[in-house]
Number of protein chains: 2
Amino acid sequence: MLVRMPETAEQRPYHHGSLRAALLDAAERGLRERGADRLSLRDLAREIGVSHAAPRRHFADRQALLDALAEAGFVRLGAAMHAALSEGDGDGGDDGGGGEREFPTRVRDAVSAFAHFATENPALHALMNAGKHRPGATRVAQAAASAFAQMYDLIEEGQANDTLRQGDPEEIGIILYATVQGITTMVNNGMIDAARLDGLIDTAVALFLRGARPPGR
Amino acid sequence: MLVRMPETAEQRPYHHGSLRAALLDAAERGLRERGADRLSLRDLAREIGVSHAAPRRHFADRQALLDALAEAGFVRLGAAMHAALSEGDGDGGDDGGGGEREFPTRVRDAVSAFAHFATENPALHALMNAGKHRPGATRVAQAAASAFAQMYDLIEEGQANDTLRQGDPEEIGIILYATVQGITTMVNNGMIDAARLDGLIDTAVALFLRGARPPGR
DNA sequence: GAAACAAAGTAGTCAATGGAAACATCTAAC
DNA sequence: GTTAGATGTTTCCATTGACTACTTTGTTTC
């Protein structure tokens with residue numbers, strides 16, 4: 001038996017069912033297309049087809065939505081870096097004795113994944129670094145820390161390898177992270193032509209590895 | 001003879017005389033105190049004591065004001081770096097045979113000036129890097145390029161010194177600039193404790209100089 | 001020195017927004 | 001089955017950026 005839908009009156013039930021997810025989804029698109037500034041709760045509600053006050057049931061206010069977006073961004077960034085670090089070991093074609101890639105290559109891959117994530121999601125990257133998050137936005141900070149931890153681990157790996165000199169791995173990790181951060185910000189800014197990204201990343205990584213290698217080598 | 005001012009009717013002339021400057025001034029304060037997001041043209045007008053439409057005579061719209069702030073920020077940043085690089089030669093107390101500082105010290109001073117400017121003006125720094133400037137905001141880009149040029153020159157100086165290896169000075173300069181940029185962003189973010197700033201800058205500069213020194217040395 | 005004119009400020013209006021309150025509807029637990 | 005809580009709706013308000021028409025002031029030109 002067919003359930004006939006009235007032509008004008010839509011069949012949409014009173015409750016959307018997954019408004020929160022729909023909002024985040026639409027917000028992400030809006031963020032990408034128009035930037036955080038021009039992201040309006042009412043616009044999102046309209047787009048989804050829900051009343052303008054409905055979003056407030058899921059996000060206390062506009063900033064809460066932005067915080068959620070930033071948090072999701074850090075999670076995705078962490079995943080991208082993780083993927084870059086874990087895949088590639090037995091990368092596609094020639095399996096067999098592949099073994100692990102060299103440490104410098106691993107650094108380059110992780111950093112490159114970060115850089116491309118940032119430049120492919122400029123508005124999101126800006127939002128993640130906006131630092132305007134709520135006083136109590138622990139979730140954002142935590143997601144950021146989690147993504148950052150991979151850089152930290154990588155440094156420790158290099159130190160264990162004797163490819164990097166000893167020293168506070170967090171400090172060294174911050175510097176590498178910050179360098180990529182800065183480069184991508186400048187690319188997203190327009191201060192640097194996007195075409196130079198890969199070259200800059202390569203140079204930066206090479207420079208970093210030389211600067212941070214153990215004294216004797 | 002005393003000029004008596006009416007108690008209620010103010011003596012302020014019809015024309016403010018320097019509204020543009022007053023707006024920029026108030027805006028800079030507002031930016032510092034409440035961030036770019038909560039900077040309202042009407043608020044500024046109220047604070048200055050002028051009608052809400054008056055600012056439009058001087059700034060086509062809100063973004064134009066923000067652009068002007070960013071431009072001024074880059075000018076000030078450039079000046080701060082310039083001061084750090086030119087002063088200090090015969091720095092205060094013991095004059096006499098002072099002479100020029102060592103290149104590494106000069107790099108550290110310039111970078112440190114940049115870093116402190118950025119962390120002492122977090123909202124301004126964010127605005128300067130927001131990259132949401134008008135399509136035709138050449139002035140902002142130009143001011144930024146001008147500030148950046150000093151980093152460029154400094155690299156060339158190091159190369160002439162044979163303290164830095166050869167290579168595109170712009171590329172190397174970008175990397176150093178980006179590193180400081182990233183560190184300060186993370187400090188302003190809250191991702192890094194502000195107390196670590198100087199230590200991080202020192203480490204970053206040392207790491208950079210090691211990484212970029214000529215092959216043989 | 002007066003008239004024409006441009007510059008700078010004012011007042012009023014509009015649509016959009018975020019936020020809040022009061023009310024409606026669905027769902028789940030008892 | 002009723003009731004409580006979650007989720008949506010409607011209505012309302014203050015604020016904001018932007019626009020238009022008008023007024024005041026300062027300057028240039030004759």
Self-check item: Salt bridge flag under 4.0 Å for residues B:Asp43 and B:Arg46
Solution: yes
Quiz item: Any Lys/Arg nitrogen of A:Glu47 or A:Arg29 sitting under 4.0 Å from an Asp/Glu carboxylate oxygen of the other?
Solution: yes
Tabulate below the donor-acceptor pairs under 3.5 Å that side-chain atoms of residues 130-140 of chain B make, not counting sequence neighbours, or state none.
| from | atom 1 | to | atom 2 | distance (Å) |
| --- | --- | --- | --- | --- |
| B:His133 | ND1 | B:Asp67 | OD1 | 3.1 |
| B:Arg134 | NH2 | B:Asp61 | OD1 | 2.7 |
| B:Arg134 | NH2 | B:Asp61 | OD2 | 2.2 |
| B:Thr138 | OG1 | B:Gly136 | O | 3.3 |
| B:Arg139 | NE | B:Glu71 | OE1 | 3.1 |
| B:Arg139 | NE | B:Glu71 | OE2 | 3.3 |
| B:Arg139 | NH2 | B:Glu71 | OE2 | 3.0 |

Candidate nucleotides [options], ranked by approach to the side chain of [X] - the nearest:
X: B:Ala54; options: C:dA20, D:dC19, C:dG9; result: C:dG9
X: B:Asp43; options: D:dC12, D:dT16, D:dT9; result: D:dT16
X: A:His52; options: C:dG9, D:dC12, C:dA11; result: D:dC12
X: A:Ala53; options: D:dA18, C:dA20, C:dG9; result: C:dA20

Please report, rounded to the nearest Å, how far the [atom2] atom of [N] is from the [atom1] atom of [X].
X: B:Glu47; N: D:dT16; atom1: CD; atom2: P; result: 13 Å
X: B:Asp37; N: D:dT15; atom1: CG; atom2: C1'; result: 15 Å
X: B:Leu19; N: C:dG9; atom1: CG; atom2: P; result: 4 Å
X: A:Arg38; N: C:dG18; atom1: CZ; atom2: C1'; result: 18 Å
X: A:Arg42; N: D:dT11; atom1: CZ; atom2: P; result: 13 Å
X: B:Leu44; N: C:dG9; atom1: CG; atom2: P; result: 14 Å
X: A:Leu41; N: D:dG8; atom1: CG; atom2: C1'; result: 15 Å

Quiz item: Any sub-3.5 Å donor-acceptor pair from A:Asn188's side-chain atoms to A:Ala118's backbone N or O?
Solution: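 Yes: the side chain of A:Asn188 pairs with the backbone of A:Ala118.
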Quiz item: Within the side chain of A:Glu28, is there an N or O that forms a donor-acceptor pair under 3.5 Å with the backbone of A:Leu69?
Solution: no
Exercise. For this output row, return yes or no: ring centroids of B:Tyr177 and B:Tyr152 closer than 6.0 angstrom.
Key: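 No, the ring centres sit 6.0 Å or more apart.
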Determine: side-chain N/O of [X] to OP1/OP2 of [N], distance under 4.0 Å, yes or no.
X: B:Arg56; N: D:dG17; result: no
X: B:Ser40; N: D:dT16; result: yes
X: B:Arg46; N: D:dT16; result: yes

Quiz prompt | Any pair counted as salt bridge (Lys or Arg N to Asp or Glu O under 4.0 Å), so long as it reaches residues 186-197 of chain A, sequence neighbours left out | solution = A:Arg196-B:Asp168, A:Arg196-B:Glu170
Exercise. Specify the residues of residues 57-67 of chain A, ordered by number, for which at least one heavy atom lies under 4.0 angstrom from an atom of DNA chain D.
Key: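 Correct list: A:Arg57, A:His58.
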Quiz item: Just checking B:Leu39: base, sugar-phosphate only, or nothing, at a heavy-atom cut-off of under 4.0 Å?
Solution: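 Result for B:Leu39 = sugar-phosphate.
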